[in-house]
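Written out below as C-alpha coordinates is the structure these notes cover.
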Number of protein chains: 2
Amino acid sequence: MFSIGDLSRRTGVKVPTIRYYEQMGLVAAPERSEGNQRRYSRQELERLAFIRHARDLGFAVEDIRSLIELSGHPDQPCGHADKIAGEQLISVREKIAQLKRLETELERIASCCDGRTVGDCYVIRALSDHALCADEHG
Amino acid sequence: MFSIGDLSRRTGVKVPTIRYYEQMGLVAAPERSEGNQRRYSRQELERLAFIRHARDLGFAVEDIRSLIELSGHPDQPCGHADKIAGEQLISVREKIAQLKRLETELERIASCCDGRTVGDCYVIRALSDHALCADEHG
DNA sequence: TCTTGAAGCTCTAGTGACTAGAGCAATTAT
DNA sequence: ATAATTGCTCTAGTCACTAGAGCTTCAAGA
(Lines give C-alpha, C1' and ligand atoms only; values in the text may rest on other atoms or scores of the structure.)
Protein backbone atom coordinates (compact mmCIF):
# COMPACT_ATOMS: atom_id res chain seq x y z
CA MET A 1 0.00 0.00 0.00
CA PHE A 2 1.11 3.52 -0.83
CA SER A 3 0.57 6.70 1.12
CA ILE A 4 -0.58 9.74 -0.80
CA GLY A 5 2.99 11.06 -0.69
CA ASP A 6 4.34 7.82 -2.21
CA LEU A 7 1.76 8.11 -4.97
CA SER A 8 2.73 11.70 -5.56
CA ARG A 9 6.43 10.85 -5.84
CA ARG A 10 5.82 7.91 -8.14
CA THR A 11 3.44 9.68 -10.52
CA GLY A 12 4.58 13.28 -10.31
CA VAL A 13 1.06 14.40 -9.41
CA LYS A 14 1.13 16.74 -6.44
CA VAL A 15 -0.54 15.66 -3.21
CA PRO A 16 -3.27 18.33 -3.20
CA THR A 17 -3.99 17.51 -6.84
CA ILE A 18 -4.55 13.86 -5.98
CA ARG A 19 -7.06 14.87 -3.34
CA TYR A 20 -8.65 17.22 -5.84
CA TYR A 21 -8.99 14.37 -8.36
CA GLU A 22 -10.65 12.29 -5.69
CA GLN A 23 -13.09 15.09 -4.98
CA MET A 24 -13.85 15.39 -8.70
CA GLY A 25 -14.50 11.65 -8.88
CA LEU A 26 -11.61 11.09 -11.30
CA VAL A 27 -10.01 8.64 -8.91
CA ALA A 28 -12.03 6.60 -6.41
CA ALA A 29 -11.75 7.31 -2.71
CA PRO A 30 -9.17 4.79 -1.46
CA GLU A 31 -8.98 2.76 1.72
CA ARG A 32 -7.94 4.54 4.87
CA SER A 33 -5.47 3.63 7.58
CA GLU A 34 -6.57 3.38 11.21
CA GLY A 35 -5.60 7.02 11.53
CA ASN A 36 -7.73 8.03 8.53
CA GLN A 37 -4.89 8.41 6.05
CA ARG A 38 -5.31 7.38 2.41
CA ARG A 39 -3.77 4.04 1.41
CA TYR A 40 -3.52 3.21 -2.28
CA SER A 41 -3.12 -0.08 -4.14
CA ARG A 42 -0.91 -0.61 -7.18
CA GLN A 43 -3.99 -0.43 -9.39
CA GLU A 44 -4.76 3.02 -8.08
CA LEU A 45 -1.17 4.05 -8.70
CA GLU A 46 -1.55 2.95 -12.30
CA ARG A 47 -4.76 4.83 -12.77
CA LEU A 48 -3.17 7.99 -11.49
CA ALA A 49 -0.20 7.47 -13.81
CA PHE A 50 -2.68 7.15 -16.68
CA ILE A 51 -4.32 10.42 -15.68
CA ARG A 52 -0.99 12.15 -15.34
CA HIS A 53 0.08 10.98 -18.75
CA ALA A 54 -3.16 12.08 -20.39
CA ARG A 55 -2.98 15.50 -18.69
CA ASP A 56 0.59 15.89 -19.95
CA LEU A 57 -0.76 15.23 -23.41
CA GLY A 58 -3.26 18.03 -22.89
CA PHE A 59 -6.41 15.98 -22.56
CA ALA A 60 -9.15 17.73 -20.59
CA VAL A 61 -10.26 16.08 -17.37
CA GLU A 62 -13.63 15.30 -18.97
CA ASP A 63 -11.87 13.51 -21.82
CA ILE A 64 -9.86 11.55 -19.31
CA ARG A 65 -13.04 10.59 -17.52
CA SER A 66 -14.34 9.17 -20.82
CA LEU A 67 -11.10 7.33 -21.51
CA ILE A 68 -11.13 5.77 -18.05
CA GLU A 69 -14.74 4.75 -18.50
CA LEU A 70 -13.82 3.19 -21.86
CA SER A 71 -10.81 1.37 -20.48
CA GLY A 72 -13.16 -0.36 -18.06
CA HIS A 73 -14.93 -2.01 -21.02
CA PRO A 74 -12.09 -3.70 -22.95
CA ASP A 75 -14.49 -5.69 -25.14
CA GLN A 76 -16.17 -2.67 -26.71
CA PRO A 77 -15.09 -1.06 -29.98
CA CYS A 78 -12.55 1.66 -29.40
CA GLY A 79 -13.83 4.22 -31.89
CA HIS A 80 -14.63 6.64 -29.12
CA ALA A 81 -11.12 6.59 -27.70
CA ASP A 82 -9.79 7.14 -31.21
CA LYS A 83 -12.12 10.07 -31.64
CA ILE A 84 -11.02 11.73 -28.41
CA ALA A 85 -7.36 11.31 -29.33
CA GLY A 86 -7.96 12.56 -32.86
CA GLU A 87 -9.76 15.65 -31.63
CA GLN A 88 -6.97 16.33 -29.21
CA LEU A 89 -4.48 16.09 -32.07
CA ILE A 90 -6.49 18.58 -34.12
CA SER A 91 -6.69 20.97 -31.20
CA VAL A 92 -2.94 20.72 -30.58
CA ARG A 93 -2.27 21.46 -34.25
CA GLU A 94 -4.54 24.48 -34.14
CA LYS A 95 -2.78 25.79 -31.08
CA ILE A 96 0.59 25.35 -32.78
CA ALA A 97 -0.59 27.25 -35.85
CA GLN A 98 -1.96 30.08 -33.73
CA LEU A 99 1.20 30.32 -31.65
CA LYS A 100 3.35 30.42 -34.78
CA ARG A 101 1.41 33.42 -36.02
CA LEU A 102 1.99 35.08 -32.66
CA GLU A 103 5.66 34.21 -32.79
CA THR A 104 6.03 35.94 -36.15
CA GLU A 105 4.22 39.01 -34.92
CA LEU A 106 6.21 39.19 -31.71
CA GLU A 107 9.48 38.78 -33.58
CA ARG A 108 8.59 41.72 -35.75
CA ILE A 109 7.47 43.80 -32.81
CA ALA A 110 10.45 43.07 -30.59
CA SER A 111 13.10 43.38 -33.31
CA CYS A 112 11.92 46.67 -34.76
CA CYS A 113 12.29 48.57 -31.49
CA ASP A 114 15.45 50.62 -31.57
CA GLY A 115 15.58 50.81 -27.80
CA ARG A 116 15.29 54.52 -27.26
CA THR A 117 12.23 55.95 -25.54
CA VAL A 118 8.72 54.70 -25.01
CA GLY A 119 7.47 57.39 -27.38
CA ASP A 120 9.39 55.78 -30.24
CA CYS A 121 8.95 52.22 -29.02
CA TYR A 122 7.75 49.89 -31.71
CA VAL A 123 6.37 47.47 -29.10
CA ILE A 124 3.98 50.09 -27.79
CA ARG A 125 3.15 51.46 -31.23
CA ALA A 126 2.43 48.01 -32.64
CA LEU A 127 0.12 47.20 -29.79
CA SER A 128 -1.68 50.51 -30.18
CA ASP A 129 -2.23 50.06 -33.87
CA HIS A 130 -3.27 46.69 -35.15
CA ALA A 131 -2.81 48.05 -38.70
CA LEU A 132 0.95 47.69 -38.17
CA CYS A 133 0.55 43.94 -38.01
CA ALA A 134 1.75 41.94 -40.98
CA ASP A 135 -1.26 39.68 -40.98
CA GLU A 136 -4.31 38.81 -39.00
CA HIS A 137 -4.05 37.09 -35.68
CA GLY A 138 -6.36 36.35 -32.78
CA MET B 1 -19.39 59.07 -27.26
CA PHE B 2 -19.73 55.31 -27.45
CA SER B 3 -21.98 53.00 -25.48
CA ILE B 4 -20.43 49.84 -24.07
CA GLY B 5 -22.03 47.90 -26.93
CA ASP B 6 -20.45 50.20 -29.53
CA LEU B 7 -17.11 49.69 -27.86
CA SER B 8 -17.60 45.96 -27.85
CA ARG B 9 -18.46 45.88 -31.56
CA ARG B 10 -15.53 48.08 -32.51
CA THR B 11 -12.89 46.26 -30.47
CA GLY B 12 -14.22 42.71 -30.41
CA VAL B 13 -14.06 42.67 -26.61
CA LYS B 14 -17.27 41.29 -25.12
CA VAL B 15 -19.43 43.59 -23.03
CA PRO B 16 -19.04 41.68 -19.73
CA THR B 17 -15.30 41.57 -20.35
CA ILE B 18 -15.15 45.36 -20.67
CA ARG B 19 -16.91 45.72 -17.33
CA TYR B 20 -14.55 43.14 -15.89
CA TYR B 21 -11.54 45.13 -17.13
CA GLU B 22 -12.97 48.21 -15.47
CA GLN B 23 -13.37 46.34 -12.20
CA MET B 24 -9.76 45.13 -12.48
CA GLY B 25 -8.61 48.71 -13.05
CA LEU B 26 -7.26 47.91 -16.52
CA VAL B 27 -9.49 50.55 -18.05
CA ALA B 28 -10.67 53.58 -16.11
CA ALA B 29 -14.31 53.97 -15.10
CA PRO B 30 -15.82 56.11 -17.87
CA GLU B 31 -18.39 58.90 -17.74
CA ARG B 32 -21.99 57.92 -17.26
CA SER B 33 -25.18 59.02 -19.02
CA GLU B 34 -28.05 60.54 -17.02
CA GLY B 35 -29.45 57.03 -16.74
CA ASN B 36 -26.15 55.65 -15.38
CA GLN B 37 -24.94 53.99 -18.57
CA ARG B 38 -21.27 54.01 -19.53
CA ARG B 39 -20.19 56.50 -22.19
CA TYR B 40 -16.73 56.16 -23.72
CA SER B 41 -14.49 58.61 -25.57
CA ARG B 42 -12.36 57.75 -28.60
CA GLN B 43 -9.31 57.60 -26.35
CA GLU B 44 -10.95 54.93 -24.26
CA LEU B 45 -11.83 53.03 -27.40
CA GLU B 46 -8.18 53.08 -28.40
CA ARG B 47 -7.01 51.87 -25.04
CA LEU B 48 -9.38 48.94 -25.20
CA ALA B 49 -8.18 48.12 -28.72
CA PHE B 50 -4.62 48.14 -27.35
CA ILE B 51 -5.65 45.72 -24.61
CA ARG B 52 -7.46 43.47 -27.05
CA HIS B 53 -4.46 43.37 -29.31
CA ALA B 54 -2.08 42.56 -26.49
CA ARG B 55 -4.38 39.81 -25.19
CA ASP B 56 -4.54 38.33 -28.69
CA LEU B 57 -0.76 38.23 -28.61
CA GLY B 58 -0.97 36.29 -25.35
CA PHE B 59 0.27 38.97 -22.97
CA ALA B 60 -0.94 38.45 -19.41
CA VAL B 61 -3.18 41.13 -17.97
CA GLU B 62 -0.40 42.16 -15.58
CA ASP B 63 1.97 42.66 -18.51
CA ILE B 64 -0.64 44.76 -20.24
CA ARG B 65 -0.97 46.86 -17.11
CA SER B 66 2.78 47.51 -17.25
CA LEU B 67 2.68 48.32 -20.95
CA ILE B 68 -0.16 50.80 -20.42
CA GLU B 69 1.70 52.38 -17.54
CA LEU B 70 4.78 52.68 -19.77
CA SER B 71 2.85 54.15 -22.66
CA GLY B 72 1.81 56.96 -20.35
CA HIS B 73 5.48 58.01 -20.05
CA PRO B 74 6.62 58.43 -23.66
CA ASP B 75 9.86 60.16 -22.65
CA GLN B 76 11.25 57.23 -20.66
CA PRO B 77 13.54 54.56 -22.09
CA CYS B 78 11.57 51.65 -23.46
CA GLY B 79 13.77 48.81 -22.24
CA HIS B 80 11.03 47.53 -20.02
CA ALA B 81 8.51 47.25 -22.86
CA ASP B 82 11.16 45.43 -24.88
CA LYS B 83 11.78 43.09 -22.02
CA ILE B 84 8.09 42.22 -21.62
CA ALA B 85 7.75 41.56 -25.36
CA GLY B 86 10.95 39.53 -25.43
CA GLU B 87 9.82 37.36 -22.54
CA GLN B 88 6.49 36.84 -24.21
CA LEU B 89 8.30 35.70 -27.35
CA ILE B 90 10.37 33.23 -25.37
CA SER B 91 7.29 31.86 -23.67
CA VAL B 92 5.48 31.49 -27.00
CA ARG B 93 8.45 29.60 -28.44
CA GLU B 94 8.53 27.28 -25.45
CA LYS B 95 4.84 26.55 -25.82
CA ILE B 96 5.31 25.79 -29.51
CA ALA B 97 8.16 23.39 -28.76
CA GLN B 98 6.11 21.63 -26.09
CA LEU B 99 3.05 21.34 -28.32
CA LYS B 100 5.14 19.92 -31.15
CA ARG B 101 6.32 17.14 -28.86
CA LEU B 102 2.72 16.44 -27.96
CA GLU B 103 1.73 16.46 -31.61
CA THR B 104 4.31 13.80 -32.40
CA GLU B 105 3.17 11.66 -29.51
CA LEU B 106 -0.50 12.00 -30.38
CA GLU B 107 0.17 11.17 -34.02
CA ARG B 108 1.85 7.97 -32.94
CA ILE B 109 -0.90 7.12 -30.51
CA ALA B 110 -3.79 7.84 -32.85
CA SER B 111 -2.30 6.20 -35.92
CA CYS B 112 -1.28 2.92 -34.30
CA CYS B 113 -4.78 2.04 -33.18
CA ASP B 114 -6.24 -0.55 -35.50
CA GLY B 115 -9.78 0.33 -34.51
CA ARG B 116 -10.95 -2.92 -33.01
CA THR B 117 -11.79 -3.10 -29.35
CA VAL B 118 -10.80 -1.07 -26.33
CA GLY B 119 -8.79 -4.01 -25.08
CA ASP B 120 -6.47 -3.72 -28.07
CA CYS B 121 -6.69 0.05 -28.34
CA TYR B 122 -3.32 1.69 -28.67
CA VAL B 123 -4.73 5.00 -27.41
CA ILE B 124 -5.66 3.44 -24.11
CA ARG B 125 -2.50 1.33 -23.90
CA ALA B 126 -0.27 4.29 -24.65
CA LEU B 127 -1.90 6.36 -21.97
CA SER B 128 -1.59 3.52 -19.47
CA ASP B 129 2.05 2.99 -20.13
CA HIS B 130 4.33 5.95 -20.50
CA ALA B 131 7.12 3.55 -21.51
CA LEU B 132 5.41 3.26 -24.91
CA CYS B 133 6.19 6.90 -25.60
CA ALA B 134 8.92 7.64 -28.10
CA ASP B 135 10.44 10.37 -25.99
CA GLU B 136 9.88 12.39 -22.90
CA HIS B 137 7.11 14.91 -22.68
CA GLY B 138 5.37 16.91 -19.95
C1' DT C 1 -46.49 60.61 -27.16
C1' DC C 2 -46.56 55.93 -26.29
C1' DT C 3 -44.82 51.53 -26.60
C1' DT C 4 -41.93 47.88 -27.38
C1' DG C 5 -37.67 45.50 -27.70
C1' DA C 6 -32.90 45.83 -27.44
C1' DA C 7 -29.31 47.10 -24.69
C1' DG C 8 -27.65 48.45 -20.29
C1' DC C 9 -27.17 48.09 -15.09
C1' DT C 10 -25.55 45.50 -10.58
C1' DC C 11 -24.69 41.51 -8.19
C1' DT C 12 -23.58 36.81 -7.38
C1' DA C 13 -21.80 32.57 -8.74
C1' DG C 14 -19.57 29.32 -11.96
C1' DT C 15 -15.67 27.73 -15.10
C1' DG C 16 -11.11 24.61 -15.27
C1' DA C 17 -7.54 22.75 -13.05
C1' DC C 18 -5.50 23.42 -9.71
C1' DT C 19 -2.73 26.03 -5.51
C1' DA C 20 -2.10 28.02 -0.84
C1' DG C 21 -2.76 28.32 3.91
C1' DA C 22 -4.64 27.45 8.62
C1' DG C 23 -4.91 24.47 12.25
C1' DC C 24 -4.86 20.19 13.59
C1' DA C 25 -3.70 14.58 13.81
C1' DA C 26 -0.98 10.53 12.50
C1' DT C 27 3.16 8.35 11.25
C1' DT C 28 8.12 7.55 11.07
C1' DA C 29 12.86 7.92 12.34
C1' DT C 30 16.06 8.62 15.84
C1' DA D 1 9.94 9.24 23.91
C1' DT D 2 10.28 12.78 21.09
C1' DA D 3 10.76 15.45 17.06
C1' DA D 4 10.27 15.90 12.18
C1' DT D 5 7.63 14.83 8.53
C1' DT D 6 3.63 13.78 6.43
C1' DG D 7 -1.17 13.64 6.45
C1' DC D 8 -6.03 15.38 7.38
C1' DT D 9 -10.10 18.82 6.41
C1' DC D 10 -11.69 23.09 5.21
C1' DT D 11 -11.80 27.50 3.13
C1' DA D 12 -10.32 30.67 -0.11
C1' DG D 13 -7.45 32.27 -4.00
C1' DT D 14 -5.68 31.96 -8.89
C1' DC D 15 -6.58 33.65 -14.07
C1' DA D 16 -9.43 35.59 -17.31
C1' DC D 17 -13.40 35.49 -18.04
C1' DT D 18 -18.64 33.80 -18.60
C1' DA D 19 -23.52 33.14 -17.24
C1' DG D 20 -27.66 34.32 -15.13
C1' DA D 21 -31.18 36.85 -12.35
C1' DG D 22 -33.76 40.72 -11.98
C1' DC D 23 -34.04 45.18 -12.83
C1' DT D 24 -33.68 50.03 -15.62
C1' DT D 25 -32.72 52.93 -19.65
C1' DC D 26 -32.59 53.99 -24.34
C1' DA D 27 -33.87 54.43 -29.31
C1' DA D 28 -36.96 53.81 -32.98
C1' DG D 29 -41.37 53.14 -34.96
C1' DA D 30 -46.66 53.77 -34.77
Side-chain angles (χ1 to χ4, degrees), chain A residues 1-27 29-40 44-45 47-48 50-68 84 87-88 91-92 95 98 102 138, chain B residues 1-27 29-40 44-45 48 50-68 84 87-88 91 95 98 102 138:
Chain A
M1 301 303 268
F2 308 100
S3 74
I4 197 168
D6 291 337
L7 217 66
S8 173
R9 252 165 272 122
R10 279 161 199 262
T11 60
V13 179
K14 287 182 192 153
V15 168
T17 306
I18 298 173
R19 289 196 279 247
Y20 163 78
Y21 285 162
E22 180 182 322
Q23 206 186 313
M24 300 292 98
L26 203 56
V27 298
E31 283 181 51
R32 298 287 181 129
S33 72
E34 300 233 327
N36 199 37
Q37 300 194 352
R38 289 168 179 82
R39 291 294 177 263
Y40 296 91
E44 286 164 317
L45 170 74
R47 163 165 291 199
L48 191 62
F50 178 108
I51 293 169
R52 171 71 209 261
H53 193 184
R55 287 292 302 136
D56 277 351
L57 290 170
F59 288 91
V61 166
E62 282 317 301
D63 288 341
I64 297 174
R65 216 189 283 277
S66 300
L67 290 169
I68 288 173
I84 291 170
E87 280 168 4
Q88 178 59 18
S91 135
V92 165
K95 278 184 200 143
Q98 165 73 359
L102 299 192
Chain B
M1 302 303 268
F2 308 101
S3 73
I4 198 167
D6 290 339
L7 217 68
S8 173
R9 252 164 273 121
R10 279 161 199 263
T11 60
V13 180
K14 287 182 192 154
V15 168
T17 306
I18 298 173
R19 289 197 278 248
Y20 164 78
Y21 284 163
E22 181 182 323
Q23 206 186 313
M24 300 292 98
L26 203 55
V27 298
E31 283 181 51
R32 297 288 180 130
S33 73
E34 300 232 328
N36 199 37
Q37 298 194 355
R38 289 169 179 83
R39 291 293 175 263
Y40 296 91
E44 286 164 316
L45 170 73
L48 191 62
F50 177 107
I51 292 168
R52 171 70 209 260
H53 193 181
R55 285 293 301 135
D56 277 351
L57 289 169
F59 287 91
V61 166
E62 282 316 301
D63 288 341
I64 297 174
R65 216 190 283 276
S66 301
L67 290 169
I68 288 173
I84 290 169
E87 281 169 3
Q88 178 59 18
S91 133
K95 279 184 201 143
Q98 165 73 358
L102 297 191

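Note that the structure is predicted; figures quoted are calculated from it, not measured. So that the names make sense, note that chain A is the first sequence line, chain B the second, and so on, each numbered from 1.
If you take CZ of B:Arg52 and P of D:dA16, they are 15 Å apart, rounded to a whole angstrom. Between B:Ile18 atom CD1 and D:dA16 atom P the separation is 17 Å, expressed in whole Å. The distance from atom CD of B:Glu22 to atom P of C:dC9 is 9 Å, rounded to the nearest whole Å. What separates CE of B:Met24 from C1' of D:dG13 is a distance of 13 Å, to the nearest Å.
In the helix from C:dT1-D:dA30 to C:dT30-D:dA1, the terminal helix axes, each the rotation mapping four pairs' C1' atoms onto the next four within five end pairs, subtend 0°, rounded to 10°.
Take B:Arg10 and apply the side-chain hydrogen bond (donor to acceptor under 3.5 Å, both in side chains) test, not counting sequence neighbours, and it matches no residue. Taking B:Glu31 as the reference, nothing meets the salt bridge (Lys or Arg N to Asp or Glu O under 4.0 Å) condition, with sequence neighbours excluded. Annotation: side-chain hydrogen bond (donor to acceptor under 3.5 Å, both in side chains) contacts of A:Gln88 (sequence neighbours excluded): none.
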### Message
At under 4.0 Å between heavy atoms, how does the protein contact nucleotides 10-28 of chain C? Give one character per nucleotide, 5' to 3', with B, S or -.
### Response
B------BBS------SS-
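Interatomic distance, OH of B:Tyr40 versus CG of B:Leu48, reported as 8.0 Å (0.5 Å rounding). The distance from atom CZ of B:Arg39 to atom CD of B:Glu44, rounded to the nearest 0.5 Å, is 12.0 Å.
Residues B:Glu62 and B:Arg65 form a side-chain contact, since some pair of their non-hydrogen atoms from C-beta on lies under 4.5 Å apart. Using a 4.5 Å cut-off on side-chain heavy atoms (C-beta onward), A:Thr11 and A:Leu45 make contact.
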Mind listing the side-chain donor-acceptor pairs of residues 16-26 of chain B below 3.5 Å, one per line with the distance, residues two or more places apart or on another chain?
residue	atom	partner	partner atom	Å
B:Glu22	OE1	B:Arg38	NE	2.7

